[in-house]
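In what follows, a single structure is set out as structure tokens and then discussed.
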Amino acid sequence: DNKTRLITIYGLTGIGKTALTLKLISEIASQFDYIIYRSLETIPQLTTLKDDLKQLFNQSLSTPLPDIIDYLSSYRCLIILDDVQNIFKLRELAGKYLSDCQDYHKFFQQIATTSHQSCLILISWELPSDLEILERDHQYTQILNLQGLGEDAKQILRDKDLKNQEMWDRLINLYQSNPSWLNIIIST
């Protein structure tokens with residue numbers, strides 16, 4: 001409703017980032033002309049990703065537009081990029097782009113600062129280093145750090161009939177209320 005252009009959802013693996021996004025899509029799908037989900041698992045060059053997006057748009061349009069931002073301005077689009085952490089350097093400070101992925105920084109900045117009617121959702125294990133500044137400086141950028149379930153994690157333990165309730169808090173703290181981790185440890 002507030003015309004947010006760039007949303008970043010980040011948190012530990014298995015915490016529910018993609019599940020939350022899919023739930024959101026099911027509730028707001030009717031508000032968009034296009035909904036596109038792409039994983040950056042294979043680390044595509046930005047030009048490859050943009051070409052792929054243009055092809056999707058052009059399947060239903062008779063006249064191609066010059067750039068992705070033109071599609072985002074002309075149509076109400078929701079684009080979800082999952083596994084964004086793959087475009088970051090390993091073993092460095094969180095959110096530092098790989099040398100051949102530096103142009104993603106400019107793309108994210110363009111999405112956040114250019115007026116259009118669409119939204120880009122980034123899903124990642126870590127927060128891109130430049131997005132905190134974008135969120136602070138631009139009202140159309142939002143960041144959500146998805147953390148564990150907290151007290152709701154006990155429901156997982158209850159559903160699995162886990163005994164020793166006096167140990168539940170310790171187990172939940174140890175596994176940071178992460179639903180995937182809790183389900184794995186419960187089964188073992």
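Within the 3.5 Å criterion, the main-chain N or O of Ser180 finds no donor-acceptor partner in the side chain of Asn183. Put simply, the side chain of Ser124 gets close to the backbone of Gln85: a donor and an acceptor are under 3.5 Å apart. Counting only distance, with no hydrogens or angles, the side chain of Gln117 and the backbone of Ser74 share a donor-acceptor pair below 3.5 Å.
In this structure, the side chains of Lys54 and Ile68 come closer than 4.5 Å at one or more pairs of heavy atoms. Within the 4.5 Å cutoff, no side-chain heavy atoms of Val84 are placed close to those of Tyr104. By the 4.5 Å heavy-atom criterion applied to side chains, Leu120 and Leu81 are counted as neighbours. Using a 4.5 Å cut-off on side-chain heavy atoms (C-beta onward), Thr21 and Asp82 make no contact. By the 4.5 Å heavy-atom criterion applied to side chains, Ile28 and Ile35 are not counted as neighbours.
In this structure Ile43 satisfies the side chain to side chain contact (heavy atoms under 4.5 Å, CB included) test together with Asn86, Ile87, Leu98, Cys101, sequence neighbours excluded. With sequence neighbours excluded, the residues that form a salt bridge (Lys or Arg N to Asp or Glu O under 4.0 Å) with Asp52 are Arg38. Partners of His105 according to the side-chain hydrogen bond (donor to acceptor under 3.5 Å, both in side chains) rule, which considers only residues two or more places apart in sequence or in another chain, are Asp130.
Of the N and O atoms on the side chains of Tyr34 and Ser60, at least one donor lies less than 3.5 Å from an acceptor on the other residue. Judged purely by distance below 3.5 Å, without hydrogens or angles, the side chains of Asp159 and Gln155 pair a donor atom with an acceptor atom.
Among residues at least two apart or in separate chains, salt bridge (Lys or Arg N to Asp or Glu O under 4.0 Å) pairs with a member in residues 161-177 are Lys154-Asp169. Evaluation of the salt bridge (Lys or Arg N to Asp or Glu O under 4.0 Å) test over residues 16-35, restricted to residues two or more places apart or in two chains, returns Lys23-Glu27. Note on residues 135-145: no pairs pass salt bridge (Lys or Arg N to Asp or Glu O under 4.0 Å), not counting sequence neighbours.
The two residues Phe108 and Leu134 have their closest heavy-atom pair at O-CD1, 4.2 Å. Between Ile185 and Tyr175, the closest heavy-atom pair is CD1-OH, 3.4 Å.
Atom-to-atom distance recorded for Ser118:OG and Ile79:CD1 is 7.0 Å, nearest 0.5 angstrom.
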